[in-house]
Amino acid sequence: MPELPEVEVTRQTMADRVVGGRVLDVRMGLPLRWPLGIEPSELVGRTAQDVGRRGKYLLLHLDEGLLLLHLGMSGSLSVRENPPAPGAHDHFDLTTTRGVLRLHDPRRFGAVLWSPSLDADPARKLLAKLGAEPLGDHFTADAFYAALQRRSTPIKQVLMAGEVVVGVGNIYASEVLFKAGIRPTTRANKLSRPRANSLHAAIRSVLHRAVERGGTTFRNFSNALGETGHFQVEAAVYAREGLPCRVCGTPIRQVRMGQRSTFYCPTCQKP
DNA sequence: CTGATCGCCTGAGAGC
DNA sequence: TGCTCTCAGGCGATCA
C-alpha cells in the first residue's frame, strides 16, 4: 500500500492516539520481515513519547528505546480502543492505556523492530543510507542536481532506490516523471539543470499534495483511524497503459524497469 | 565502488 | 469449479 504520503498520514493519525499511552501488553502474530529484537514483555510499562518518520519507517519513541515500524507492500496500522479479535493478518498488537496499535499486513513484508536508540543498531543501520526527505528543508534543487550527477542509472531507478531522495515509490515515480516531462529511462546524470529543477519541483508538489489529501486512493489506503484517503486526482500515467495521455492523447506506454511496472507518455516525456 | 537480480509473502485476477 | 500464471504502492541481501 504505502508510499510516503500514506506513511506520513499514518504517522499523523497514529500520533494523536498513541502518544502518552503506557504499554500494557504486546502480541505477536506470524513472523514479519525481521524479529522484534527484544522480549515483548520487556516493552510493558514503557510509555509512547512521540511518533516520527524517516523515509517510510515510522519511529515510535518510547521512554526508553524506540520501535521502527514499516508497512512493506501491504501493511496498515490502526489504533483503536476496542479492536476486534486479531485476524489472520494482524501480526502485531501493542496494547496501551490509550488503545491498541495494530499492524495488519497480509504479505508480511512489513516490520516492527526495537532499537535502543536512533544511533544504535538496528535503527542506525537501516536509516543510514536514506536520502533526503522530499518535503524537508534539506531537499533543495541544488542538492538534488548534485546528487544526480553521480548516478548513471535511469532516473526512475534512482528515485526508487531512496538514496538520493526517500519516499518516491513505484506509483509516484511514474507520476512525478510525467509531470516533469522526463522519460523514466533517462540517465540521471544526463538531466540538464532545468530538467532536474523541474523534477525536484514535481516531487515536492505531488507528494505534498498527496499528504494534504490524506494519502492516495490509487488502490486502497486507510489511515490509523480507518478512514480512506481523499486523493481524488487520478493518476496521470500509472496503470494507464494504452489509454490516451490526459495531456496529448498519445497512448500511454508500459515498460518494466528493475522488475517494476513503469508508465510514461512517449510524447510528453522526452529522453 | 556500481548496477542488476533475488527473495521474502499472500491475494486478486486472468486465462484455460 | 479449480488449477496455473502473473502481478501487486518495498527494500535489504547478494551477486557480477
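Quick note: numbers below take in every heavy atom, side chains included, and nothing from hydrogens, waters or symmetry partners. All chains are named by letter (A, B, ...) in the order of the sequence lines, taking the proteins before the strands, and each is independently numbered beginning at 1. Everything numeric in this text was worked out from a predicted model, so none of it was measured.
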Looking at every strand, decide which applies to [X] at a 4.0 Å heavy-atom threshold: base, sugar-phosphate, or nothing.
X	answer
Arg33(A)	base
Arg187(A)	nothing
Leu30(A)	nothing

> If you measure only the distance, is there a donor-acceptor pair under 3.5 Å linking the side chains of Thr262(A) and Arg256(A)?
Replying inline: no

Within the structure, does a side-chain N or O atom of [X] lie under 4.0 Å from either OP1 or OP2 of [N]?
X	N	result
Thr153(A)	dG3(B)	yes
Lys125(A)	dC11(C)	no
Tyr57(A)	dG12(C)	yes
Ser261(A)	dA8(C)	yes
His91(A)	dC9(B)	no

> In Watson-Crick or G-U wobble terms, both distances under 3.5 Å, what is the partner of dC9(B)?
Replying inline: none

> Who is the Watson-Crick or G-U wobble partner of dC1(B), with both distances under 3.5 Å?
Replying inline: none

>> Nearest to the Gln259(A) side chain among dA8(C), dC6(B), dC11(C), which nucleotide is it?
In response: dC6(B)

>> Measuring from the side chain of Ser152(A) (C-beta onward, heavy atoms only), which nucleotide among dT10(B), dT2(B), dG12(C) has the closest atom?
In response: dT2(B)

> What orientation do Tyr238(A) and Phe263(A) show, parallel under 30°, tilted 30 to 60°, or perpendicular over 60°?
Replying inline: perpendicular

>> Suppose we call a contact any N or O donor and acceptor under 3.5 Å apart; does that hold for the side chain of Arg107(A) and the base of dA8(C)?
In response: yes

> Does any donor-acceptor pair link the side chain of Arg108(A) with the base of dC9(B) at a separation under 3.5 Å?
Replying inline: no

>> When the P atoms of dT5(B) and dC7(C) are compared, how many Å lie between them, rounded to an integer?
In response: 15 Å

> When rounded to the nearest Å, what value does the distance between P atoms of dC11(C) and dA12(B) take?
Replying inline: 23 Å

